Amino acid sequence: MSLSKRRGFVFPSSEIYGGLGSAWDYGPLGVELCNNVKQAWWRWMVHERDDMEGIDSSIILNRSVWKYSGHEDTFSDPLVDCKECNSRLRADKLELSKRFHQAQDEALRQHPLRSLAGTYDTQALLDRKWLSCPNCGSDSLTNLRSFNLMFRTTIGAAAEDDDPTALAYLRPETAQGIFINFLNVQTTMRRKIPFGIAQIGKSFRNEVTPGNFIFRTREFEQMEMEYFVRPGEDERVHQEWIDYCFDWFKTLGISPDNLRFYEQPKEELAHYAKRTVDIHYRFFPEREDEERQWDELMGIANRTDFDLKAHSKKPEKEGERINKDSTEDLSYFDEATKERYYPYVIEPAAGVNRTVLAVLMDAYTEKVNDKGEKRVILRLHPELAPIKVAVLPLAKNKPEIVALAHAVKKELQPAMRAVYDDTGGIGKLYARQDEIGTPFCVTVDHQSLEDEAVTVRDRDTWGQERVKAAELQEYLKKRLGIAC
Ligand code: ATP
């Protein structure tokens, strides 16, 4: 976190007004890193496949979308307040209290195999004072209540704050914008099942307990894809996407030791999901309990035909239309088999911000130099590095060297993000670039004026190589893995 702020990746938002809880602004290097993550995802998910289209739907949609998707009724967290320290807490994050442990010991004395924790629902545990506040340890907690996580707003100049006809929401996921455009994309792009629709964009959730830096915020960005398949093909395709996604995180340079699968147990599944597997990252390596070190980076759900059916006008229950507001039927006619069906949907959904956090944490390393000084090196994958190359003149008081360094930088910049820096001694300049993950530094020196060559220094090995200025762009493109 301190490196992020010091070097311009992430700043606390609204800081000059005392900040805004769990809101963050991305600085000059942070915005480049986020853009590189999104570009890498889009290239992998959309451009490098034959069965994918992209869209960019609105953040504010017709309220009916959230009515029929189930979000108005069910997109909520169970909430309690601690009467002792006044913290507002998510009920699933409470701890077992002292009273619980005493009761558990007693129960085990009487029945050695009897475990109490799984026997009662949350309200019953609260009634017995068997849960406690993780902040102050008190078991004096309010009853359970439900809190809808969608941000509300009103549409139109004349709208009163409480006018239900003007009520709208900021989207809590990008997926619904894809479902309501399923037919538009399928028909305009002449797609046959199976195919997918991808989208990157902001989502908003009024989280009860945001925190842990950019891990959980109320405004965040998602990279989601909905893959439409024939019912019956869903389980195989779901497993394929689980494996592709795990491999994608590895291609970003994240160590597989810090990634794992998490199969959601039945009781955790969303109401529409048949199976969900999350990819976890070791976001909290400092925690002693190994199980608590992990948390969700991405979820890959089999959403069945729930969403397309829910937004269609045709499905009926007891002779009545279930959706009375939709004007379309989102079923699909399969020419090959002459059947009409509602496609099943496989959804890989990742957070841009959590990916950025995982990438930063994984890249952070410390190295001791010859003088025994500690140096931070951000070993970012070259594709993600905010700056690919820094051009540094060895003597900033020599106009010819400075001019050549500027010319080298200008030559490189259409092909890669390059910067020029002469604001310190060479050792300091190298250290600064290592700390922000720049894969290469190019040094222009006296010799360069004669042999038209420059020194290229590698961030990870600190090794140096002499390269002809005329060949520099091709050399760097190859080392950075830039294709064209
Ligand atoms: P969690 O259980 O952590 O609240 P979720 O299961 O509700 O997450 P999904 O609805 O599956 O999350 O969203 C897909 C992805 O979007 C998550 O894997 C995560 O990377 C990202 N995401 C969700 N909520 C947030 C948030 N509040 N802040 C940052 N990223 C988020």
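Residue numbers run from 1 in the order of the sequence given. Note: hydrogens, waters and symmetry copies are ignored here, and every other heavy atom, side chains too, is used. Fair warning: this is a prediction, and the values are worked out from it, not measured in the lab. Both ligands and their constituent atoms are indexed starting at 1 by order of listing.
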Going by side-chain hydrogen bond (donor to acceptor under 3.5 Å, both in side chains), name the residues that satisfy it together with Ser58, two or more places apart in sequence or in a different chain.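 Here no residue qualifies.
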
Arg190: side-chain hydrogen bond (donor to acceptor under 3.5 Å, both in side chains) partners, not counting sequence neighbours: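 Here no residue qualifies.
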
Considering residues, nucleotides and ligands other than Glu84, do more than 12 of their heavy atoms fall under 6.0 Å from its CD?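 No - once you tally the heavy atoms of other residues, nucleotides and ligands closer than 6.0 Å, there are 12 at most.
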
What residues, two or more places apart in sequence or in another chain, satisfy side chain to side chain contact (heavy atoms under 4.5 Å, CB included) together with Glu320? Lys324

Are Arg145 and Asp81 close enough for a salt bridge, meaning some N to O gap below 4.0 Å? yes

Taking non-hydrogen atoms within less than 4.0 Å of ligand 1, which protein residues qualify?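 Within 4.0 Å of ligand 1, the protein residues are Arg205, Glu207, Phe215, Arg216, Thr217, Phe220, Gln222, Glu296, Leu297, Met298, Gly299, Ala349, Ala350, Gly351, Arg354.
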
Please confirm whether Arg63 makes a cation-pi placement over Tyr169, using NZ or CZ under 6.0 Å from the six-membered ring centre and within 45° of the ring normal.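 Negative - Arg63 is either too far from the ring of Tyr169 or too far off its axis.
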
